[in-house]
Amino acid sequence: MRSDLSGFYDLSLDARLSLVKKLCSLTEEEADTLRKTVCLPHSDRMIENAVGTIELPLGIATNFTVNGRDVLVPMAIEEPSVVAAASHAAKLARPEGFEASSDEPIMIGQIQLLGAGRGAAKTILENRDSIIEIAHAKDSVLVKLGGGLKNIEVREIETERGTMTIVHLLVNVQDAMGANAVNTMCEEVAPFIENLVGGRSLLKIISNLAVYRKTRAGTVWKKEALGEDVIEGILDAYAFAKADPFRCATHNKGIMNGIDAVLIATGNDFRAAEAGAHAFAAIDGYKPLTKYRKNENGDLVGEIELPLVAGIVGGSTNSNPIAKISLKILNVRKAHELSEVAACVGLANNFAALRAMVKEGIQKGHMKLHAHNIALTAGATHDEAIKITDVMLSEGKISVARASELLEVMRR
Ligand code: MEV
């Protein structure tokens, strides 16, 4: 089989699928399974060379109150327990729920200048107004909405290939994630800046380390709801993450379980959020994105702060019908409200994971859904899987082999 399929892009989805079927010896049934996944309009045009879609379950996290408003939170994720964990943590935080806030939606666009003369920073900053005028020439809509290029920073960095001048465009992108607007602006102003200071511009691209677009959320979990031992355990677990990058990576992964699930459900670029979150966590040595402490009553205070870039316009937020429905369920009117809900969910998932681990361990909750998935893998129908799961859990033996045995007995 050869992978250099010239003209593959220009084929219809069906024709691409037939070709892949032939080249990879897919059965008629497998090809048909793929074909049936294409039920959303435009799936064929969202990315290149599409042959199908892959589904994730969309769950609704309940019990969330964010800034005094109850909200149902759509979460798209393949991992069992994450939606239940977020819902339970939010329940324990009621009735006050979560407080959240965000910075202005300012994204950073970077222009890399090579060989700019001395004093470049001063010259660029002196020409700030002209740069803003050029940046705005092509995006009057954003400017009318109150967005646009708001400020410019210039940094000189030492690299292994010499000194480079890095221009930061600070762009208010309003309710979008912002990559398109920012990248376009960087490309528009780069020739003017080159002329001003000499040298050559190379990369012109958004930075995912959106330090000016941070979101914060916090809540108080009452001592009476958790118990003092659990609070002490969570504080010990937090201290572990602060002191050890091996643990901290997993601590932050638990946070991103929740955040990514909300971003995927709403058609947002979760890879950008991941990059921003981990770069932010690592800015002064890799640290947890959440903080925990006891208040004067002995309750547990949990807080999160991170760059959390989510849009409610542009990208697939509007072109993917499921993302549109998710946004409607969330009932958010501004992008920052979406980021705030996502930050609350991240905090909730982190708290729930720590609580479960200091109480009974993480596997107990996982096991039921895990066993169900194992039974499905063994070929059981949903109803058969429910029965097989019960038996496997009571035996404490969960494996595809055991599920197959039970299935065989059941079908005899
Ligand atoms: C699993 O997806 C997430 C956890 O590992 C997070 C954590 O350890 O804090 C449970």
Side-chain angles (χ1 to χ4, degrees), residues 54-61 63-64 73-93 98 217-219 221 226-227 229-265 268 270-271 273-278 280-282 285-294 300-306 308 342-374 377 398:
I54 180 160
E55 287 182 23
L56 285 177
L58 183 70
I60 301 287
N63 300 318
F64 275 86
V73 189
M75 298 175 74
I77 185 161
E78 87 297 342
E79 185 174 325
S81 305
V82 174
V83 178
S87 304
H88 189 59
K91 186 171 182 184
L92 291 172
F98 298 79
T219 193
W221 281 285
L226 300 189
D229 287 354
V230 169
I231 293 182
E232 293 304 323
I234 290 177
L235 291 173
D236 285 338
Y238 170 52
F240 178 16
K242 268 167 87 174
D244 178 31
F246 291 93
R247 170 57 208 154
C248 192
T250 322
H251 179 104
N252 286 342
K253 189 272 181 182
I255 296 170
M256 299 314 287
N257 272 346
I259 292 177
D260 286 350
V262 177
L263 296 181
I264 295 171
N268 271 286
F270 65 98
R271 288 90 53 212
E274 283 279 344
H278 291 287
F280 180 68
Y286 193 61
K287 289 286 176 307
L289 292 161
T290 49
K291 290 191 172 128
Y292 292 95
R293 62 184 162 84
K294 274 194 292 191
L300 183 72
V301 180
E303 287 162 341
I304 184 168
E305 182 184 48
L306 77 170
L308 211 169
C344 295
V345 176
L347 175 59
N349 274 115
N350 178 233
F351 162 84
L354 299 184
R355 178 174 172 273
M357 286 187 292
V358 304
K359 272 176 81 114
E360 69 253 355
I362 205 79
Q363 285 309 87
K364 197 170 166 225
H366 264 291
M367 273 311 158
K368 198 162 180 191
L369 290 166
H370 174 61
H372 192 86
N373 284 336
I374 292 284
T377 308
I398 299 165

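Heavy-atom basis, side chains included; hydrogens, waters and symmetry copies ignored. Owing to the predicted nature of the structure, the values given are computational and were not obtained by experimental measurement. In each ligand, atom 1 is the first atom listed, and ligand 1 is the first ligand listed.
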Can you confirm whether the side chains of Ser87 and Asn63 place a donor and an acceptor under 3.5 Å from each other? no
For Asn257 and ligand 1, does the shortest N/O to N/O distance drop below 3.5 Å? yes
Which ligand 1 atoms does Met357 reach within 4.0 Å, using its non-hydrogen atoms? 7 (C), 8 (O), 9 (O)
Which atoms of ligand 1 have any heavy atom of Glu79 under 4.0 Å away? 1 (C), 2 (O)
Check ligand 1 against Thr250 and write out every atom of the ligand that is under 4.0 Å from a heavy-atom position of the residue. 5 (O), 6 (C), 7 (C), 8 (O), 9 (O)
Just heavy atoms, cut-off under 4.0 Å: does Arg247 contact ligand 1 by side chain, backbone, both, or neither? side chain
So, Trp221 side chain and Ala89 main chain: donor-acceptor pair closer than 3.5 Å or not? yes
Near Lys253 (heavy-atom distance under 4.0 Å), the atoms of ligand 1 are 1 (C), 2 (O)
Of all the heavy-atom pairs spanning Ile77 and Ala261, show the shortest one and how long it is. CB-CB, 4.0 Å
Give the intermediate values and the outcome of salt bridge (charged side-chain N to carboxylate O under 4.0 Å, His left out) for residues Lys291 and Glu305. CA-CA 9 Å; Lys291 290 191 172 128; Glu305 182 184 48; 5.5 Å; no
Any Lys/Arg nitrogen of Lys359 or Glu232 sitting under 4.0 Å from an Asp/Glu carboxylate oxygen of the other? no
